[in-house]
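Numbers here simply count residues along the sequence, with the first being 1. Predicted model only: the values in this text are computed from it and were never measured. As a basis for the values below, the full set of heavy atoms in this structure was taken, side chains included, without hydrogen atoms, waters or symmetry mates.
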Amino acid sequence: MARNRVENANSIKRIGVTTTFDQFDYTNWLLLILAKAGVEDVIISPGSRNAPLLIALTKHFPNFRLHSVVDERSAGFKAIGIADITMKPVALICTSGTAAANYLPAVCEAWFRSVPLVLITADRPVHLTTAREGQTIFQHHLYGRHADAFWYLSESLSATSLIENLRNIYLNILHQRRPIHINIHYEEPLYRCKDLVELPFTLPEPERAKVWNEPIDLSGFGKIMVVAGQCRPGYISEGTQKLLSEKGFLVVSGGLSNLHPDYAIYHVNEFDYSGLPHPDLVITVGGEITHKNFKNFLRSLPSLTHWHVEDIPYPPDTFGKGVRLITTDASQFLDKLADLPLKLDHSFSQTWYATDRFFTDSYLKKDEIKTYYAPIAIAAQQLNAKVVIGNSAVIRQFFKLPGIWQQNVFGNRGTAGIDGSLSTAVGMAMATDAPVWCLLGDLSFFYDANALWQKPLPKNLTVFVFNNKRGKIFEMISGPGDFPEIYNLQTTPHSFTCSNFAKHYSMKYIHWNGEDDRFFETDLSNTIVEISLM
């Protein structure tokens with residue numbers, strides 16, 4: 001009787017026909033659903049438990065772009081880079097155990113940066129989870145709140161539950177904004193393949209996009225600041241920025257915002273705020289605001305109204321004053337804001353703009369900015385290169401450049417770690433023919449050097465490594481200098497250079513001292529450029 005119940009549970013009826021399914025059927029169906037939902041790129045890490053997925057991909061789905069990446073931690077960040085270019089969900093497939101756990105850093109980054117990843121983790125049968133079986137860990141809800149949704153597929157599921165899971169996966173990918181996780185339990189034998197047939201169930205109709213039509217009431221606010229955190233290029237149009245500026249809104253780059261430099265200020269983190277008029281309303285859009293001093297200034301104000309515009313499940317109270325969450329697309333909201341029939345007092349924004357121009361001029365006189373960062377930024381702009389900026393000291397130095405050169409820039413500011421910047425740049429280079437330039441500190445480069453373990457390694461990648469033989473960021477922030485006894489533990493001094501890494505990964509190597517005026521006439525594709533700052 002028990003066996004008959006399982007067989008009945010594992011059958012699907014459609015138009016009078018009964019289909020009995022097993023793990024190879026719903027493997028095919030899942031991949032078919034990914035294709036129907038618009039996934040084009042799949043990153044695969046090697047393993048045996050995920051063999052049914054690999055076999056089905058190669059046998060039945062020639063239209064997927066398949067990328068093989070051994071290191072799952074690097075694979076996750078490469079998926080972010082591909083999604084940055086394509087603006088479509090990217091699927092990742094790995095075997096069971098800690099392979100799945102290695103995705104976590106990239107999953108965290110993708111969640112806070114709103115990057116759509118589809119994580120497909122192969123797993124052993126459920127009953128082996130606590131049986132001390134090799135390569136077996138607790139994979140259900142492995143990524144916790146850093147995945148928007150979780151489903152599992154198993155032969156133990158009833159037909160109703162299986163169909164519901166697959167339909168929900170389809171809908172979620174269609175409207176996806178952040179990572180989702182699908183865990184598949186596979187029984188042995190693993191090395192089989194079944195013919196691909198049409199889905200024995202219907203997929204639901206896509207939901208219509210919600211239109212936000214609430215009125216924007218600005219009564220009582222005269223000094224309004226719009227702060228853009230990390231945004232992809234073009235997310236806020238030049239026309240919208242111009243209208244906002246003309247009406248007296250103060251538009252501020254919070255870092256990696258890709259705003260048009262004529263209608264925004266960029267160096268707000270360096271201001272002396274004591275003589276500046278205070279905003280009474282701050283509207284934040286985009287991702288993380290990088291500028292710590294600026295955020296602390298807004299937190300210090302005795303009163304402030306804060307609105308945040310993003311389709312996100314929690315209200316980010318960045319300034320500790322309470323926040324109103326407006327759950328809609330920020331670019332559409334700003335378009336409506338710019339169309340409002342009002343004109344604000346321009347004296348507020350003009351005072352801030354005048355302060356910003358002073359810093360734009362003064363920073364170009366600083367040696368490291370003038371010698372290295374400015375020439376790199378100018379050359380990247382001339383080549384229309386996509387610039388991936390590493391975290392810590394490099395991003396702080398880059399932000400001292402004039403806003404005109406802070407265009408077409410990318411970076412991992414969701415969690416702001418150093419662990420995947422190079423991998424993200426490689427992923428971007430895998431997805432575009434345009435030049436991709438990655439600017440990194442030495443610790444970021446060496447930490448993520450596995451990113452270059454890629455076959456084929458894209459030739460449109462150029463990596464600039466600012467090597468000061470230590471983590472210089474701890475000399476740029478307040479606090480560490482008061483405790484010299486921890487200097488070596490924090491800064492991790494080293495004697496490494498990049499030349500052998502370049503040789504190992506068949507890349508060209510150049511040591512640049514900033515003195516060659518014709519340096520950027522050189523072909524820098526497939527090159528590591530090392531800059532010694534000792």
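Using a 4.5 Å heavy-atom cutoff, the side chains of Leu443 and Thr492 are in contact. Taking 4.5 Å as the limit, every side-chain heavy atom of Val69 sits out of range of all side-chain heavy atoms of Ile44. Val436 places a side-chain heavy atom less than 4.5 Å from the side chain of Val388. Two residues are said to be in side-chain contact when any heavy atoms from C-beta on lie closer than 4.5 Å; Leu92 and Tyr103 meet this criterion. You'll find the side chain of Leu259 reaches within 4.5 Å of the side chain of Val251, heavy atoms only. No side-chain heavy atom of Ile418 sits less than 4.5 Å from a side-chain heavy atom of Phe446. Annotation: side chain of Leu524 is in contact with side chain of Phe464 (closest heavy-atom distance under 4.5 Å). Side-chain atoms of Glu109 and Phe77, non-hydrogen and from C-beta on, do get closer than 4.5 Å to each other.
Judged purely by atom type and a 3.5 angstrom limit, Arg470 uses its side chain to pair as donor or acceptor with the backbone of Asn468. A distance-only check finds no donor-acceptor pair linking the side chain of Ser245 to the backbone of Lys242 [under 3.5 Å]. Looking only at distances, no side-chain donor or acceptor of Asp123 sits under 3.5 Å from a matching main-chain atom of Arg49. Panel note: side chain Lys295, backbone Thr318; no donor-acceptor pair is recorded below 3.5 Å. Although no hydrogens or angles enter the test, the distance criterion places no donor-acceptor pair under 3.5 Å between the side chain of Thr371 and the main chain of Glu368. Put simply, the side chain of Thr86 gets close to the backbone of Ile82: a donor and an acceptor are under 3.5 Å apart. Between the side chain of Thr424 and the backbone N or O of Gly420 there is at least one donor-acceptor pair closer than 3.5 Å. Looking only at distances, no side-chain donor or acceptor of Ser114 sits under 3.5 Å from a matching main-chain atom of Ala110. In this structure, the side chain of Thr98 does not engage the main chain of Ala101 through any donor-acceptor pair within 3.5 Å. Lys78 contributes a side-chain N or O that, together with a main-chain N or O of Ala451, makes up a donor-acceptor pair within less than 3.5 Å.
Partners of Phe399 according to the ring pair (Phe, Tyr, Trp, His ring centres under 6.0 Å) rule, which considers only residues two or more places apart in sequence or in another chain, are His291. For Trp405, the ring pair (Phe, Tyr, Trp, His ring centres under 6.0 Å) criterion is met by no residue, not counting sequence neighbours.
Considering CZ of Arg65 and CG of Asn63, their distance stands at 10.0 Å, rounded to 0.5 Å. Distance check: Ser45 OG to His67 NE2 gives 12.0 Å after rounding to the nearest 0.5 Å. Here OG of Ser423 is found 13.0 Å from CE of Met428. Values are rounded to the nearest 0.5 Å. Considering OG of Ser257 and CZ of Arg232, their distance stands at 13.5 Å, rounded to 0.5 Å.
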Ring pair (Phe, Tyr, Trp, His ring centres under 6.0 Å) between Trp453 and Tyr505, intermediate numbers included: CA-CA 7 Å; Trp453 185 7; Tyr505 291 109; 8.3 Å; no
Verdict with supporting geometry, Leu174 and Asn172, side chain to side chain contact (heavy atoms under 4.5 Å, CB included): CA-CA 5 Å; Leu174 284 177; Asn172 199 289; over 6 Å; no
Check against ring pair (Phe, Tyr, Trp, His ring centres under 6.0 Å), Tyr509 and Phe501: CA-CA 9 Å; Tyr509 172 81; Phe501 282 87; over 10 Å; no
Residues Asp448, Arg73; criterion salt bridge (charged side-chain N to carboxylate O under 4.0 Å, His left out); working and verdict: CA-CA 9 Å; Asp448 198 25; Arg73 184 191 58 79; 3.2 Å; yes
Working for salt bridge (charged side-chain N to carboxylate O under 4.0 Å, His left out), residues Arg177 and Asp148: CA-CA 9 Å; Arg177 293 180 176 86; Asp148 263 7; over 6 Å; no
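Applying the ring-ring contact (aromatic ring centres under 6.0 Å, His included) rule to pairs touching residues 365-398 yields Tyr372-Trp512, Tyr373-Phe466, sequence neighbours excluded.
Closest approach of Pro279 and Leu301 over heavy atoms only: CD-CD1, 4.1 Å. Considering every non-hydrogen atom in both Gly97 and Ile137, the closest pair reads O-CD1, 3.3 Å. Looking at every heavy atom in both residues, Thr415 comes nearest to Phe112 through CG2-CD1, 4.0 Å.
Taking the centre of each ring, Phe358 and His267 stay at or above the 6.0 Å mark. Here His260 and Tyr263 bring their ring centres to under 6.0 angstrom of each other.
His141 and Phe150 have tilted rings, their planes meeting at an angle from 30° to 60° on a 0 to 90° scale. Under the 30°/60° scheme for interplanar angles, the aromatic rings of His306 and His308 are found to stand perpendicular.
In this model, a donor atom of one side chain and an acceptor atom of the other lie less than 3.5 Å apart for Arg113 and Asn412. Inspection of the Asn460 and Ser525 side chains reveals no N or O donor paired with an N or O acceptor under 3.5 Å. Between the side chains of Asn450 and Ser74, no donor N or O sits under 3.5 Å from an acceptor N or O.
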